[in-house]
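One structure below.
Keep in mind it's a predicted model, so treat the numbers as computed, not measured. Quick note: numbers below take in every heavy atom, side chains included, and nothing from hydrogens, waters or symmetry partners.
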Protein chains: 2
Amino acid sequence: MASTRRPRRPGEADRPPNGTSAGRPTSRDVARQASVSQATVSLVLGGKWQGRVSPRTAETVRTAARELGYRPNLAARSLRLGRTRTALLVVPALTHDYFARVHAGASHVAEEHDFGVVLYPSPAGTGPAVDPFGSARAALDGVIASSMAADALAALGEGGLPLVMLDTDPDSDRAAATVNLDIADGMRQAAGHLLGLGHRRLAHLAAAVDTWTFRERARALTDTVAEIPEASVRTEASALDIEDALRAATRALTACPRPTALVCDDDLLAAGACKAARRLGLRVPEDVSVTGFDDLSLATALEPELTTVRLPAEEVGAAGMRALLATLEGRAADAPVLPVRLVRRGSTAAPSATDAPGS
Amino acid sequence: MASTRRPRRPGEADRPPNGTSAGRPTSRDVARQASVSQATVSLVLGGKWQGRVSPRTAETVRTAARELGYRPNLAARSLRLGRTRTALLVVPALTHDYFARVHAGASHVAEEHDFGVVLYPSPAGTGPAVDPFGSARAALDGVIASSMAADALAALGEGGLPLVMLDTDPDSDRAAATVNLDIADGMRQAAGHLLGLGHRRLAHLAAAVDTWTFRERARALTDTVAEIPEASVRTEASALDIEDALRAATRALTACPRPTALVCDDDLLAAGACKAARRLGLRVPEDVSVTGFDDLSLATALEPELTTVRLPAEEVGAAGMRALLATLEGRAADAPVLPVRLVRRGSTAAPSATDAPGS
DNA sequence: CTGAAAGCGCTAACAC
DNA sequence: GTGTTAGCGCTTTCAG
């Protein structure tokens, strides 16, 4: 009779009538098994039993937990704690090596702090993320966003969660913290390297993506070239894929006079550029030098290997996670600007005599 | 007085004494705002109000929710429901294009079913996953594991969660369901293509990774070559990275007599092979043909583009997610074996006359 | 058609 | 040193 009045507990039908639960064991089951209270179980397993629970009891609890194969229910813990120890990492694409490495760096730091990272590859690339909070079905403590366009961040700002931005306009004020790369310096190094080699007619294979990081690359290149009067740079825009890069590079290399060096916004574009050169019967680096950016694994898969700007992707991810952790703890996060480094490989050389200035 | 006896609710200090909550709005806040009960809010927002709540009331509730910027607390929902609508996807590495695409496919299907996917890149590569359930801090409904070694799956089996295995030994019985690729057929196509072109001395650049997928490749290659009496294949093992592939391919190409074709277990290895060939002064495909496997984006980044076996990675991920969903709903999941296809590109050609059989 | 109430599994304040 | 208890926010009976 009484049972007809009592609301049925969810999953009740799945449970046997006796006291032992059939499903996943709960802390209650552990408590019963160890003949202690649930609170004691929580204390012991939470590692805060020192001076509150006798070592003997603690050991009993741990044994019981092990025997039952107990795993705490994270949903319940999150609900109780109001925090989930989970961060969302929003990236434009996963197929791009760089972001995979950012993720690795962030995960590593997260793990050290018993945090989790869930990835949200924004379906719209660098564009507005549709609904990261709904789709990433996890309950979140904070968000880290990498290389996103400004309007994409607007959507992220709506979440009401602490936001750390990576490789994004440092003047934006949406974020609680930022981690940046010295993109401009990287481009200066690349351009300086080519100019130093004697190149004067450069072409810029520019990524047709409207984000801070690419605007920065364009600006730095223009500025660096402008310092040498005889030097010039033309720009060809390309989508961030090999095929389009091939087309853009072909346009650049069939211009008259032909540039002696191609400065590419990304290793992917550089790969397209090498392909284009080869198809036009030009040798890299003898006839045309090519530089990339990012130092993806692709850079050393090519022959010759790419001279490119190495970005410390893992470090970026790690610093991002550290900044988020700091923010979450109410500490001020520093806003590092990480240095980048030109890696000289086989795809660049001095221009050949016939192409040299003055000829 | 009473308040001293009552335990402090967590976060209570953060709340103003008045009725309005300061933190994230809860369904209670929405109910209050709409002057209805919490139950009504749940019904309306859960989309199951048809015939139970008046349209007028429903609209009021939705408006209130929108005004307050209400987002349901997923931890609470998970706790109540006992399910989280979240799957764990375990992959050996994220930097490998193939897995990024598997993830994309799985996420896409997940999203359609209002599911989330959290990625766990097994730190040990294809080896035993350390503790995916702890590190992926989300509460999970099921696990999808791709291309893992058998012992790695043992650890996953411990979770007590439904497990779907992708690209793994179909005879293993740990999984609730499997999704496989017709790897053997792919390798048969690749080898058949080379044999048909007239190649008789093949070398196999084999991935030194002990998983089903690579054992299958080796077996199928051996079998196919065995069908042609004059044909032979030597094997060089290589780690799954460019540098080691370069070394292995160099060994293969400096053997006497030199093989006329390199069959590689992975596009990454094929890239290393091309690099090795070029460094030895050999032209691809004139002097040596190279085939890859997977059809990574790398395959078309190279010049010449790789002839390779295209794996429908997205489809694998999607089928895996569908299988998990089916299992979760108690339906029988089918165990598809997805077809693969050889993509002929520029890295293969008939052996040159001097290398041809009989010369 | 709407509201009241219970309880998912966990943690932490407090009582003993 | 250990147990009792309340309650996180949500969904879902059941009563009205």
Interatomic distance where [atom1] belongs to [X] and [atom2] belongs to [N] [whole Å]:
{"X": "A:Asn73", "N": "C:dG7", "atom1": "CG", "atom2": "P", "value": "18 Å"}
{"X": "B:Arg83", "N": "C:dG9", "atom1": "CZ", "atom2": "C1'", "value": "16 Å"}
{"X": "B:Gln38", "N": "C:dC1", "atom1": "CD", "atom2": "P", "value": "22 Å"}
{"X": "B:Arg80", "N": "D:dT13", "atom1": "CZ", "atom2": "C1'", "value": "8 Å"}
{"X": "A:Arg77", "N": "D:dC10", "atom1": "CZ", "atom2": "P", "value": "21 Å"}
{"X": "A:Arg32", "N": "D:dT2", "atom1": "CZ", "atom2": "P", "value": "20 Å"}
{"X": "B:Leu43", "N": "C:dT2", "atom1": "CG", "atom2": "C1'", "value": "9 Å"}
{"X": "B:Arg85", "N": "D:dC10", "atom1": "CZ", "atom2": "C1'", "value": "15 Å"}

Checklist entry - For A:Ser42, which contact category applies under a 4.0 Å heavy-atom criterion: base, sugar-phosphate, or nothing? => result base
Checklist entry - Checking all strands, does A:Val41 fall into the base, sugar-phosphate, or nothing category for heavy-atom contacts under 4.0 angstrom? => result nothing
Quiz: residues 324-333 of chain B side-chain donor-acceptor pairs under 3.5 angstrom, not counting sequence neighbours:
unit_1: B:Thr327; atom_1: OG1; unit_2: B:Ala323; atom_2: O; d: 2.8
unit_1: B:Glu329; atom_1: OE1; unit_2: B:Arg331; atom_2: NH1; d: 2.3

Taking only residues two or more places apart in sequence, or in another chain, which ones meet [X] in a side-chain contact (heavy atoms from CB on, under 4.5 Å)?
{"X": "A:Ser54", "value": "A:Arg56, A:Thr57"}
{"X": "B:Thr95", "value": "A:Asp97, A:Ala100, A:Arg101, B:Ala93"}
{"X": "B:Ala64", "value": "B:Val30, B:Gln33, B:Ala34"}
{"X": "B:Ser146", "value": "B:Val91, B:Tyr98, B:Phe99, B:Leu166"}

Checklist entry - Hey, which of these two, B:Ala76 or B:Ser54, hits DNA chain C nearer its 5' end, going by closest nucleotide? => result B:Ser54
Next on the checklist: Is the phosphate of C:dA12 approached by A:Lys48 (side-chain N or O, under 4.0 Å from OP1 or OP2)?
Outcome noted: yes
Checklist entry - So, is A:Thr40 near the phosphate of D:dG1, with a side-chain N or O under 4.0 Å from OP1 or OP2? => result no
Item to check | Closest-nucleotide 5' rank along DNA chain D - winner of B:Arg52 and B:Ser27 | outcome: B:Ser27
Next on the checklist: Using modelled atom types and a 3.5 Å cut-off, is there a donor and acceptor pairing between side-chain atoms of A:Arg322 and backbone atoms of A:Asp334?
Outcome noted: no
Checklist entry - Going by atom types alone, do A:Thr86 and A:Asp141 pair a side-chain donor with an acceptor below 3.5 Å? => result no
Item to check | Difference in axis direction between the ends of the helix from C:dC1-D:dG16 to C:dC16-D:dG1, five pairs, 10° | outcome: 50°
